[in-house]
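Each chain gets a letter, A, B and so on, in the order its sequence line appears, and its residues count up from 1.
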Amino acid sequence: MANGPTRRITYRDAMREAIREALTRDPRVFLMGEDVGRYGGAYAVSKGLLAEFGPERIRDTPLSESTFVGAGIGAALGGSRPIVEVMTVNFSLLALDQIVNTAATIRHMSGGQFSVPVVIRMATGAGRQLAAQHAHSLEGWLAHVPGLRIVEPATIEDARGMLWTALQDPDPVLIFEHQTLYNLEGDLPADAGPVDIDRAVVRRHGGDVTVITYGAMLYKSLAAAATLAADGVECEVIDLRTLRPLDMNTIFESVRRTRRVAIVDEGWRSGGLSAEIAARLAESAFYDLDAPIARVCSAEVPIPYPKHLEDAAVPQAAAIVDAVRALLPAPAPR
Amino acid sequence: MSTPPLERTHGQRLLREMIRIRRFEEACAEHYSAGHIRGFLHLYIGEEAVAVGVMQGLTPADAIVATYREHGHALARGIGADPLMAEMFGKQEGCSRGRGGSMHVFDAATRFYGGNAIVGGGLPLAVGLALSDQLLGRRRVTACFFGDGAVAEGEFHESMNLAALWKLPVLFVCENNLYAMGTRIERALSQTDLPAKARTYGMPTASADGMDVTAVEDAARSAAEQVRAGNGPFFLECRTYRFRAHSMFDAELYRDKAEVEEWKTRDPIALLKARLEQAGLLDARELTAIEDEVRGEIARAVAFADAGTWEPVEHLTQDVYTPAAQEANRG
Ligand SMILES: Cc1ncc(C[n+]2csc(CCOP(=O)(O)OP(=O)(O)O)c2C)c(N)n1
């Protein structure tokens, strides 16, 4: 991707750099959440920031999800630029009232008088054997709600760049960080800056099948694509990046060329984001399709603790390979 | 700021403010029955002394967070009767452009942040507004109104704790009218001494007779002064009573008529009127002038609302996102 000089960095460190940059650039920015300060963040994202910026701006909160998320919303209304960290999306359910009934509605209910420029970050997803109350992918639920913007950085560059763009957005932005990506290492261009949070990106080009995905599933989709390429099947892999609003244009454009689609979503199939994308394709791209839409989603179970069951519950590269093969006109050579 | 003695101009102003709220809401009830106002309508009649008293201790720079029973707070805060009534009617001339209706009054000019129909939902917001003031070094107060019903919600406890922990400039104003819809306070709370609850969070408290506007004013002024001085939050309980049903849909099967009548003998408007008259601070002619003036104002507000226009349906999806972001966010 990058042509110029790059440096090796983890997703976690990229995220921390993004927060540090935001705190440095804008005195109105502060970070607030459970254990973001002294502990260094549940995922060590904010490690060291307390020493650098002090307890006013790296603010440990009590275990009060509803109130500290609501306080972030209030502080945004009052002219601050809060970054609120919720340990995982599972715990954000205790703050859903504030997110859905307050953050998402105030602009509309006030007839446009008040915007809520809050950024709420949270971890999501399975893969670390944390069992059902720490491993769900509920971002699709929140993507249901008008008034919110939902983004999920899958790459180092997006982890580094999306936060600043989100802070410039006058409306509430929820950033989902997949738990298994924090240790991901990659090359970040030395001149990396803010990134677009409006558009999906094609991460791999190919003319045979479009694979639509986001978050950690990007890597499983890319692995599947590599396997398929060995058999001569070229997948185009789209990283949605933004779950609300959905950038359907990038999807339609790809599907017009490939005429085949597989959607890979760590969320559940029933009532999930994959259902939404499939429905939109059926509504607007039906005649561009040469095969039924395929979906690879998590099994309809709370995510289990044992590794083999957890692996079986969430989409794996092999399942993606199978789903793509089933879309092809003739059985692919084995 | 110190408490002004009850003198003519101020006393009459308090009276006029309470009468405005009363007449405004009587007009609302009338237009609700006529079908001009729809949805849920929660009247504040009987509780006027709380909003009017508390607002005396605040400056235009302070912020207000209210509930769905907020017409009194809105008027006392200085939102005009015209845009407020237009909001009731759902017209685009309303203070929330007609988008919110009775339960969602917003006004940037007076720093009025709703109008929240989630019981307890406004408390975290008030904590955040105050946090922002503290962080940005502004000496402001955020006044947060809520009922005794909200005290049972988790957000009440989380917000008390956080505001006290961080010494945030919030004036918590609990309007204890003894009922949450049809549930009397003893049936909902194991501890009905509400200031005692707040004290467990380590914050100063006071309890005021919510039927006595000057008592509320005194208590609110000194509470707001303490908050403004940087001493952290303050919990003010105002003991009051709503004379009407919870909402226009409520048949009021849960309380005795006799109890309501008993409280009506403590009508805050009648009480202040009598006090002013006895002290020679209000004569019959002045009272008539106030009543006439208010009647005119409310009639004009109704006419304004009635003549107001419906927002074009093409605007439906506006202001879901801020305009710059709107275009991209339709999905
Ligand atoms: C979270 C939530 N639960 C329930 C309701 C329904 N409801 C509306 S008002 C109300 C009673 C609230 O009583 P209180 O807080 O004492 O305020 P009051 O109406 O007496 O002013 C209830 C239960 C609601 N709006 N929000």
Side-chain angles (χ1 to χ4, degrees), chain A residues 27-28 30 32 56-57 59 61-80 82 94-95 97-98 101-102 104-118 143 146-149 169-173 197-199 242 244-248 276 280, chain B residues 63 65 87 92 94-101 103-104 106-109 113-118 120-136 138 140 142 154-155 157-159 161-163 165-166 168 311 317-326 328-331:
Chain A
R28 299 172 305 171
F30 65 97
M32 158 165 75
E56 284 266 287
R57 301 186 72 201
R59 210 165 250 273
T61 65
L63 305 181
S64 310
E65 284 80 4
S66 191
T67 283
F68 74 72
V69 170
I73 294 163
L77 274 174
S80 299
L94 282 82
D97 169 56
Q98 291 297 319
N101 282 322
T102 301
T105 58
I106 280 193
R107 172 135 197 112
H108 196 75
M109 292 198 309
S110 70
Q113 292 179 85
F114 297 111
S115 295
V116 181
V118 69
L148 303 178
R149 180 193 274 273
D169 195 295
D171 299 314
V173 181
I197 57 171
D198 287 330
R199 260 160 284 279
T242 300
R244 186 179 188 98
L246 281 171
D247 170 15
M248 289 306 295
E276 178 61 29
R280 292 199 197 191
Chain B
V65 175
E87 189 60 36
Q92 61 180 339
C95 53
S96 305
R97 250 214 286 163
R99 292 278 183 80
M103 299 194 288
H104 304 297
F106 287 88
D107 182 52
Y113 293 94
N116 197 319
I118 307 296
L123 283 101
L125 202 70
V127 167
L129 283 160
L131 172 60
S132 189
D133 286 335
Q134 187 188 66
L135 284 170
L136 303 175
R138 299 181 298 222
R140 291 167 166 181
T142 297
E155 280 172 334
H157 300 277
E158 292 188 14
S159 297
N161 180 55
L162 201 59
L165 183 72
W166 290 351
L168 299 176
E311 186 173 8
T317 57
Q318 283 183 8
D319 290 322
V320 176
Y321 297 94
T322 308
Q326 176 92 26
N329 274 292
R330 261 197 240 104

Between the NE2 atom in A:His108 and the CG atom in B:Asp319, the distance rounded to the nearest 0.5 Å is 7.5 Å
Among A:Ile73, A:Val116, A:Leu77, the residue with the most heavy-atom pairs under 4.5 Å to chain B is A:Leu77
If you count heavy-atom pairs under 4.5 Å with chain A, which of B:Arg99, B:Glu158, B:Arg97 comes out on top?
-> B:Glu158
Could you tell me which portion of B:Leu129 (side chain, backbone, both or neither) has an atom closer than 4.5 angstrom to a non-hydrogen atom of chain A?
-> both
B:Ser132 versus A:Gly79, closest heavy-atom pair with distance | OG-N, 3.7 Å
Counting heavy-atom pairs under 4.5 Å to chain B, which of A:Glu56, A:Gln98, A:Arg28, A:Arg199 comes out on top?
-> A:Gln98
Heavy-atom side-chain contact between B:Leu123 and A:Thr67 under 4.5 Å | no
Search all heavy atoms of B:Leu136 against all heavy atoms of A:Gly78 and return the closest pair with its distance.
-> CD1-O, 4.0 Å
Residues that B:Tyr113 engages under ring pair (Phe, Tyr, Trp, His ring centres under 6.0 Å), provided they are two or more places apart = A:Phe114
In terms of heavy-atom proximity below 4.5 Å to chain B, should A:Thr61 be classed as side chain, backbone, both, or neither?
-> both
dist B:Ser96:OG -> A:Gln113:CD (nearest 0.5 Å) comes out at 6.0 Å
With a 4.5 angstrom heavy-atom cut-off, could you sort out which part of A:Ser66 is near chain B: side chain, backbone, both or neither?
-> both
Side-chain contact test, heavy atoms from C-beta onward, threshold under 4.5 Å: evaluate it for B:Phe106 versus A:Ile106 and give yes or no.
-> yes
Whether B:Tyr321 side chain and A:Leu148 backbone form a donor-acceptor pair below 3.5 Å | yes
Sidechain-backbone polar pair: B:Gln318 side chain, A:Gly112 backbone, donor-acceptor under 3.5 Å = no
Any B:Leu135 side-chain heavy atom under 4.5 Å of A:Arg59 side chain = yes
What part of B:Gln134 lies closer than 4.5 angstrom to a heavy atom of chain A: side chain, backbone, both or neither?
-> side chain
Where on A:Glu65 is there a heavy atom nearer than 4.5 Å to chain B: the side chain, the backbone, both, or neither?
-> backbone
Pair A:Met32-B:Leu131, side-chain contact (heavy atoms from CB on, under 4.5 Å): steps then yes or no = CA-CA 11 Å; A:Met32 158 165 75; B:Leu131 172 60; 4.0 Å; yes
Where A:Ala71 and B:Val127 come nearest, the two heavy atoms and their spacing | CB-CG1, 4.0 Å
Against chain A, work out which of B:Glu311, B:Glu155, B:His157 has the most heavy-atom pairs shorter than 4.5 Å and name it.
-> B:Glu155
Taken in chain and number order and not counting sequence neighbours, the residues that satisfy side chain to side chain contact (heavy atoms under 4.5 Å, CB included) with A:Pro62 are A:Ser64, B:Asn161, B:Leu162, B:Leu165
With chain A, which of B:Ala117, B:Pro124, B:Gly100, B:Gly122 has the greatest number of heavy-atom pairs at distances under 4.5 Å?
-> B:Pro124
Measure the spacing between CG of A:Asn101 and CD1 of B:Ile118 and express it to the nearest 0.5 Å.
-> 4.0 Å
